[in-house]
A.B. asks: 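If you scroll down you'll find the structure; I have some questions about it.
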Amino acid sequence: AWGHWTPAFEARKHDLDERVCLSVVGKRQILDVQAPRKDIAKLWVKGLRKLIGHSDEHSDKLAKQMLESGNLNGAAAASSQQKAHEQQHERRNSLMKLQQDLFFMTSATVFRQLEEERIWNIDHAVREKFNPQTMYQVALSEDIPWRQWNFWMRSKLTEYCRENKLLLTTYVPHAQVSQSINALETQEEKCSVM
């Protein structure tokens with residue numbers, strides 16, 4: 001802080017020229033310095049502010065807040081709050097990225113399961129329509145809980161396929177498959193008996 005912003009300088013403000021006074025505010029203490037000349041004080045202040053990335057307005061605002069509140073660690077507290085806010089923001093972004101990755105994996109699983117079932121014709125057009133990036137935004141807007149994503153995505157896909165008659169032509173209902181297997185087993189038994 002440049003000027004009479006600390007208690008020590010406030011107590012001696014009538015004896016000292018504020019243009020040669022500066023304070024370096026640390027986390028636990030304050031270093032009050034009186035420069036020999038105004039130009040040297042200005043050089044020190046500008047250099048220190050540049051080192052920590054503060055503008056003159058920002059530093060003056062913090063100094064004023066510190067003086068008014070009586071908080072000697074005002075700048076340190078503000079810096080600490082800013083770091084905590086940045087960490088919280090970073091953590092939130094990290095969790096959102098993790099959530100999005102989980103949705104993408106869920107989506108890939110649903111597509112794979114439907115393809116393995118060989119009931120629906122899941123072609124490139126269907127994959128484009130149900131792009132995980134787009135569907136993730138839809139799931140968020142509809143406030144679908146993450147535990148229901150698999151069911152929700154599967155329902156959306158199968159409903160679309162049903163409405164657009166995307167049933168695979170080679171689809172054989174489970175009952176017919178069972179009958180065919182039983183018939184084959186019967187024929188094999190007959191063959192083995194002969």
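The first residue in the sequence is number 1, and the count goes up from there. Since the structure is predicted, the reported quantities are computational estimates derived from the model, not experimental observations. Reckoned from all heavy atoms, side chains included, excluding hydrogens, waters and symmetry mates.
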A.B. asks: Measuring from S155:OG to R162:CZ, what's the distance to the nearest 0.5 Å?
C.D. replies: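 Answer rounded to 0.5 Å: 8.5 Å.
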
A.B. asks: Within the 4.5 Å heavy-atom criterion, are R49 and H58 side-chain neighbours or not?
C.D. replies: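 When only atoms from C-beta onward are counted, H58 and R49 do not touch, as no gap falls below 4.5 Å.
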
A.B. asks: Are there over 12 heavy-atom neighbours, none belonging to E90, within less than 6.0 Å of that residue's CD?
C.D. replies: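 Counting other residues, nucleotides and ligands, CD of E90 stays at 12 neighbours or fewer.
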
A.B. asks: Are any non-hydrogen side-chain atoms of L157 and L114 less than 4.5 angstrom apart?
C.D. replies: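 Side-chain contact under 4.5 Å: yes.
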
A.B. asks: So do F130 and K156 actually touch side chain to side chain, heavy atoms under 4.5 Å?
C.D. replies: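 They are in side-chain contact.
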
A.B. asks: Testing the basics here: between W44 and P36, what is the closest heavy-atom pair and its distance to 0.1 Å?
C.D. replies: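 That closest heavy-atom pairing would be CH2-CD, 4.4 Å.
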
A.B. asks: With sequence neighbours left out, write down each residue that passes side chain to side chain contact (heavy atoms under 4.5 Å, CB included) with N121, or none if nothing qualifies.
C.D. replies: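 Checked N121 against side chain to side chain contact (heavy atoms under 4.5 Å, CB included); matches are D123, L166, L168.
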
A.B. asks: If you measure from the Lys or Arg side-chain nitrogens to the Asp or Glu carboxylate oxygens, is any gap between R91 and E86 under 4.0 Å?
C.D. replies: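 Looking at R91 and E86, the cut-off is not met.
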
A.B. asks: Roughly how far, to the nearest 0.5 Å, is the CD1 atom of I52 from the OG atom of S59?
C.D. replies: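 So the gap between those two atoms works out to 5.0 Å.
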
A.B. asks: Find the distance between CE (M153) and OG1 (T158) and round it off to the nearest 0.5 Å.
C.D. replies: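 M153 atom CE to T158 atom OG1 measures 11.0 Å (nearest 0.5 Å).
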
A.B. asks: By side-chain hydrogen bond (donor to acceptor under 3.5 Å, both in side chains), which residues pair with R127, not counting sequence neighbours?
C.D. replies: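 Listed in chain order: E115.
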
A.B. asks: What residues, two or more places apart in sequence or in another chain, satisfy salt bridge (charged side-chain N to carboxylate O under 4.0 Å, His left out) together with K129?
C.D. replies: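 Partners of K129 under the salt bridge (charged side-chain N to carboxylate O under 4.0 Å, His left out) test: none.
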
A.B. asks: Taking all non-hydrogen atoms of both residues into account, name the closest pair between V20 and A41 and its distance.
C.D. replies: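 Closest heavy-atom pair between V20 and A41: CA-CB, 3.8 Å.
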
A.B. asks: With rounding to the nearest 0.5 angstrom, report the OG to CG distance, S23 to D32.
C.D. replies: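 Going from OG on S23 over to CG on D32, the span is 3.5 Å.
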
A.B. asks: Only counting residues at least two apart or in another chain, list the ones meeting side chain to side chain contact (heavy atoms under 4.5 Å, CB included) with K61.
C.D. replies: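 Listed in chain order: Q65.
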
A.B. asks: Is there a side-chain contact between R154 and W149 in this structure, where contact means two heavy atoms from C-beta onward sitting under 4.5 Å apart?
C.D. replies: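 Heavy-atom side-chain distance check fails, nothing below 4.5 Å.
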
A.B. asks: Taking the side chain as everything from C-beta on, heavy atoms only, tell me whether C161 gets closer than 4.5 Å to I122.
C.D. replies: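 A side-chain contact under 4.5 Å exists here.
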
A.B. asks: Any non-hydrogen side-chain atom of Q34 less than 4.5 Å from a side-chain atom of L22?
C.D. replies: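 Heavy-atom side-chain distance check fails, nothing below 4.5 Å.
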
A.B. asks: Who are the side-chain hydrogen bond (donor to acceptor under 3.5 Å, both in side chains) partners of D17, not counting sequence neighbours?
C.D. replies: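 Listed in chain order: R19.
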
A.B. asks: Under the salt bridge (charged side-chain N to carboxylate O under 4.0 Å, His left out) rule, collect the residues that match up with D39, sequence neighbours excluded.
C.D. replies: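 Testing D39 for salt bridge (charged side-chain N to carboxylate O under 4.0 Å, His left out), a comparison that skips the adjacent residues, returns R37.
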
A.B. asks: Compile the donor-acceptor pairs under 3.5 Å between side chains in residues 102-112 and protein atoms, sequence neighbours left out, one pair per line.
C.D. replies:
residue, atom, partner, partner atom, Å
T106, OG1, L102, O, 2.9
T109, OG1, M105, O, 2.9

A.B. asks: List for me each residue that meets side-chain hydrogen bond (donor to acceptor under 3.5 Å, both in side chains) alongside R12, sequence neighbours excluded, and say none if there are none.
C.D. replies: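 Result, side-chain hydrogen bond (donor to acceptor under 3.5 Å, both in side chains) vs R12: none returned.
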
A.B. asks: What distance separates Q100 CD from L98 CG, expressed to the nearest 0.5 Å?
C.D. replies: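 Reported to 0.5 Å precision, the distance equals 10.5 Å.
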
A.B. asks: I'd like to check the salt bridge (charged side-chain N to carboxylate O under 4.0 Å, His left out) partners of K97; sequence neighbours left out, ordered by chain and number.
C.D. replies: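 Only D101 meet the salt bridge (charged side-chain N to carboxylate O under 4.0 Å, His left out) criterion with K97.
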
A.B. asks: Is any side-chain heavy atom of V126 closer than 4.5 Å to a side-chain heavy atom of N164?
C.D. replies: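 Not touching, per the 4.5 Å side-chain cut-off.
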
A.B. asks: Report the residues that fulfil side-chain hydrogen bond (donor to acceptor under 3.5 Å, both in side chains) with Q87, sequence neighbours left out, ordered by chain and then residue number.
C.D. replies: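 side-chain hydrogen bond (donor to acceptor under 3.5 Å, both in side chains) check on Q87 returns nothing, list empty.
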
A.B. asks: Can you confirm whether E128 sits close enough to H124 that some side-chain heavy atom of one is under 4.5 Å from a side-chain heavy atom of the other?
C.D. replies: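 Of all side-chain heavy-atom pairs linking H124 with E128, at least one is under 4.5 Å.
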
A.B. asks: For L31, what residues pass the side chain to side chain contact (heavy atoms under 4.5 Å, CB included) criterion, not counting sequence neighbours?
C.D. replies: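 Testing L31 for side chain to side chain contact (heavy atoms under 4.5 Å, CB included), a comparison that skips the adjacent residues, returns V24, V33.
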
A.B. asks: Using the side chain to side chain contact (heavy atoms under 4.5 Å, CB included) criterion, which residues pair with H89? Sequence neighbours excluded.
C.D. replies: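 Listed in chain order: R92, N93.
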
